[in-house]
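The structure appears right after this line, and notes come after that.
Note on naming: letters A, B, ... go to the chains in the order of the sequence lines (proteins, then strands), and numbering restarts at 1 for each one. From a predicted model like this one, the values you see are computed outputs, not experimental measurements.
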There are 2 protein chains.
Amino acid sequence: MANIKDVARIAGCGIATVSRVINKSGYVKKETREKIEKVIAELSYQPNEIARSMTLQKNHIIAFILPNSKHLFFGELLYHVEEELFDYGYKMMICNSSEQLEKEIVYLDMLKNNRVDGVILLTNNDVEQYLNKKLPIVSFDRYFLNVPYVASDNFQGGILAAKRLLEHNCKNIMFIGDDAQGEHTDVLTDVSKRRKGFVNHLHSQGYENVINVEYPLKNYFVSVEQFESLLNPYQDVDGIFCISDSVAYTVIKVLEKRGKRVPEDVKVIGFDGGRSFNNLGMKITSINQDPLLIAQAIRKLILNYDVKDSNKKLIVPVKISEGDTA
Amino acid sequence: MANIKDVARIAGCGIATVSRVINKSGYVKKETREKIEKVIAELSYQPNEIARSMTLQKNHIIAFILPNSKHLFFGELLYHVEEELFDYGYKMMICNSSEQLEKEIVYLDMLKNNRVDGVILLTNNDVEQYLNKKLPIVSFDRYFLNVPYVASDNFQGGILAAKRLLEHNCKNIMFIGDDAQGEHTDVLTDVSKRRKGFVNHLHSQGYENVINVEYPLKNYFVSVEQFESLLNPYQDVDGIFCISDSVAYTVIKVLEKRGKRVPEDVKVIGFDGGRSFNNLGMKITSINQDPLLIAQAIRKLILNYDVKDSNKKLIVPVKISEGDTA
DNA sequence: TTGTAAGCGTTATCAC
DNA sequence: GTGATAACGCTTACAA
C-alpha cells in the first residue's frame with residue numbers, strides 16, 4: 001500500500017506538501033497540487049487513518065454500549081445514532097453488553113486507552129467507579145454523577161397517559177411498572193418519572209386512588225402467569241398505564257384470558273412506541289419515544305463534550321401514538 | 001494520561017522492559033516485573049491502542065456493513081457477530097448503509113485506509129469495483145467474485161418447505177419471491193436457491209405445476225393492495241411458500257381479506273424465523289435462519305482470512321420452525 | 001510556496 | 001535480562 005512518502009517521491013516534492021494537498025491546508029502552487037493529485041490518483045493512495053489518529057490523538061470513533069441490539073427500540077436507536085454520527089464524520093463502534101458488567105468495563109476501558117474518542121452508555125449496571133469523568137461520556141436514561149445525559153420526557157409521558165385515561169372516563173386506574181429500579185440497582189433511571197408524571201396529573205385532577213403495581217425488575221421478560229397473580233386482586237380496573245409496551249403486551253394477554261375486552265372494557269397504554277410486539281392482532285396505544293430526536297440529542301452532547309458542563313441534561317419530547325388499545 | 005515512557009522513568013528502567021511486561025513477551029527478572037507492575041497500577045497506565053495499532057499495523061476492528069439495524073433479523077445477526085468477534089478479541093464497527101451506495105463506499109474505504117482490519121458485507125448493491133480483493137472481506141448472502149461468503153442453506157430451506165406442503169396434501173402450490181434479483185441488480189444472491197430447492201423437490205415428487213409469482217424487488221416494503229392484484233388470478237391455491245416472513249405476513253393479510261382461513265384453507269410458510277411481524281395474531285411457520293451459526297461462520301472466515309482461499313463458502317443449516325400457519 | 005525534521009506511543013531488533 | 005533506537009505513517013512548526 002502506497003504511503004505519503006511514495007507520493008512525495010514520485011511527485012518530486014516533500015511529504016509536507018502532499019499533506020497540505022490531502023488536507024487542503026496551507027498554500028500549494030496550483031501546478032504542484034495538480035501534479036500531486038495526479039500521483040495520488042495513479043497510486044490510488046489513501047492516507048493511513050491509524051497514523052493520522054496517532055498524530056492527531058483522536059480517531060473519530062464513538063462507542064455505543066447497550067444491552068442488546070436485538071430489542072427493536074435499541075436497534076432503531078442504534079440506527080439513528082450511527083446516522084447522526086456519520087453525518088458529522090464519526091464512526092460508531094457497537095458494544096452489546098448483554099448486561100454483563102465485565103463486558104461493559106472492557107468497552108469503557110476503550111475510552112481510556114484511546115481506542116475510541118467517546119462513549120455512549122446505556123446500562124442498568126452501576127459502572128460509576130469505572131468511568132473516567134474527564135473523558136467524553138454520555139448516558140441515556142440513567143443518572144451518573146457528572147455524566148451528561150439524554151432521556152425522553154418521561155414525566156410528560158406519564159401526564160399524557162393520565163389525560164388519555166381520564167378522557168376515556170376510566171374510574172379504576174392502575175399503574176404497572178418496575179420503577180423502583182433506583183433502589184434495587186443503585187442506578188438512578190429517568191424512567192421512574194413515568195409513574196410520577198402519571199400520578200401527579202391524576203392527583204391534580206382530583207383522582208387520588210391510583211392502584212400501584214410493581215413487578216420485579218431484573219427479568220426484562222415477564223410471563224403471563226406471573227402477571228395473572230399480580231393482577232388478580234384487581235378485577236375491576238378499567239384503565240392501565242404500563243411502563244413499557246412489553247408489559248402492556250403481557251397485560252393485554254392476561255386481560256384476554258380473563259374475558260375482558262380491550263379497549264371496550266379496559267383501556268391499556270404502553271410506553272416506547274407500540275412497534276415491538278408480535279401476535280397481538282392489535283396495535284398498542286403507547287407513549288412514543290422518538291429515536292431520531294434522542295439520537296440527535298446524544299450526538300450533540302457527545303461531539304460537543306466539555307468537562308465543564310458535565311451535568312447537562314437533554315430531555316426529548318414524547319407523544320402519544322394512536323393504537324387500538326386506548 | 002501516562003505513557004510508557006513515564007512508567008519506565010518512574011520504575012527506573014527502559015521502555016522495552018515495560019513493553020515486555022505489558023505483553024508478557026521475553027524475559028524479565030521477577031523483581032523488575034513486580035516493580036513495573038506496581039508503577040503501572042499506581043499510574044493506572046493503559047497502553048495507547050492507537051500507537052499499538054500503528055506499530056502492529058492492525059487494530060482488531062472489523063466493520064459490519066448492513067442495510068439497517070432496525071430490521072429484527074439484522075439486529076439479531078449484529079448481536080451475534082459482535083459477541084463472536086468480542087470473544088476473539090475484536091471490536092465491531094457498525095455501518096448502516098440504508099442501501100445507499102455512497103455510504104457503502106465510504107465504509108469500504110475504511111478497509112483501504114487502515115481504519116479497520118476487515119469488512120463484513122451485506123448489501124444488494126453492486127460494489128464489486130470498490131472492493132480490494134486482497135483485503136479481508138466476507139460477504140453474507142451475496143456472490144462477489146473472489147470474495148468468500150456465508151449463506152444459509154437456502155436450497156435445503158426450499159426443500160423443507162416443499163416437504164411440509166406435500167405432507168399437508170396441498171394440491172395447488174405457489175411460490176412467491178423476488179429471486180430474480182440477480183438479473184435486476186447485477187448482484188447474485190444465494191436467496192434465489194430458495195425457489196430452486198422448493199421447485200426441485202416438488203418435481204422430484206411428481207408435482208409439476210408450481211405457480212410462480214414474482215414481485216418487484218427494490219421495495220422491501222410491499223402493500224396488501226399490491227399483493228391482492230398479484231394474487232388475484234389464483235383463487236384456489238392451498239399452499240404458499242414465501243421468500244420471506246415479510247412477504248408471508250402480507251400474503252396472510254390478503255388471504256384474510258379474501259375470506260380464506262390460514263391454515264385451514266391455505267397453508268403459508270415464510271423464511272427467516274417468523275419472529276419479526278406484528279399484528280398477525282398468529283406465528284408464521286417459517287424456515288429458520290440461525291443468526292448464531294451464521295455469526296460463527298462469518299467470524300471464522302473473516303478472522304482466518306487468507307487471499308488464497310478467497311472463494312471459500314460456508315453454508316449454514318436451516319430448519320423449519322413450527323408456527324400456526326402450516 | 002515548499003521541504004526538513006520533530007513528535008505522536010508503541011513494538012521489536014540488536015547490542016551489551 | 002535489559003536498554004537504546006529504528007520504525008510505523010502521518011501532521012505541523014519552523015526554516016528556507
message = Is B:N23 close enough to C:dT11 that one of its side-chain N or O atoms is under 4.0 Å from OP1 or OP2 there?
response = yes
query = How close or far is atom C1' of C:dC8 from atom CG of B:D6, stated in whole angstroms?
reply = 13 Å
Integer-rounded Å distance: C:dT10 P and B:I40 CD1 = 10 Å
ask   = Heavy-atom count around A:K5 NZ within 6.0 Å, excluding the residue itself: above 12?
value = no
key: Non-hydrogen side-chain atoms of A:I120 and A:I65 separated by less than 4.5 Å   = no
ask   = So what does B:T32 touch, heavy atoms closer than 4.0 Å: a base, only the sugar-phosphate, or nothing?
value = sugar-phosphate
key: Non-hydrogen side-chain atoms of A:Y149 and A:V138 separated by less than 4.5 Å   = no
remark   = Here the distance between atom C1' of D:dT2 and atom CZ of B:R9, to the nearest Å, is 19 Å
ask   = Could you go step by step and tell me if B:E82 and A:K103 meet the salt bridge (charged side-chain N to carboxylate O under 4.0 Å, His left out) rule?
value = CA-CA 12 Å; B:E82 191 268 343; A:K103 209 171 163 189; 3.0 Å; yes
query = Can you check the A:K30 NZ to C:dT1 P distance for me, whole Å?
reply = 12 Å
Close approaches to DNA chain C from residues 44-57 of chain A, in residue order (heavy atom, under 4.0 Å) = A:M54, A:T55, A:Q57
message = What I'd like to find out is whether the side chain of A:L66 reaches to under 4.5 Å of the side chain of A:S97, using heavy atoms alone.
response = no
Whole-Å gap separating P (D:dC10) and CG (B:N114) = 9 Å
ask   = To the nearest angstrom, how far is B:K5 atom NZ from C:dC8 atom P?
value = 6 Å
task = Strictly below 4.0 Å, heavy-atom distances to any atom of DNA chain C: list the hits from residues 14-22 of chain A, or just say none.
result = A:G14, A:I15, A:A16, A:T17, A:R20
ask   = Considering the options A:N124, A:D190, A:N125, which one meets the side-chain hydrogen bond (donor to acceptor under 3.5 Å, both in side chains) requirement together with A:R142?
value = A:N124
Separation of atom NZ in B:K58 from atom C1' in D:dA7, rounded to whole Å = 19 Å
ask   = So do A:E84 and A:I298 actually touch side chain to side chain, heavy atoms under 4.5 Å?
value = no
inquiry  = Using a 6.0 Å distance limit plus a 45 degree cone around the ring axis, check whether A:K70 lies over the aromatic ring of B:Y79.
reply    = yes
query = Between A:F86 and B:Y107, does the ring centroid distance fall short of 6.0 Å?
reply = yes
inquiry  = Without decimals, in angstroms, what is the distance between A:I4 CD1 and C:dT4 P?
reply    = 13 Å
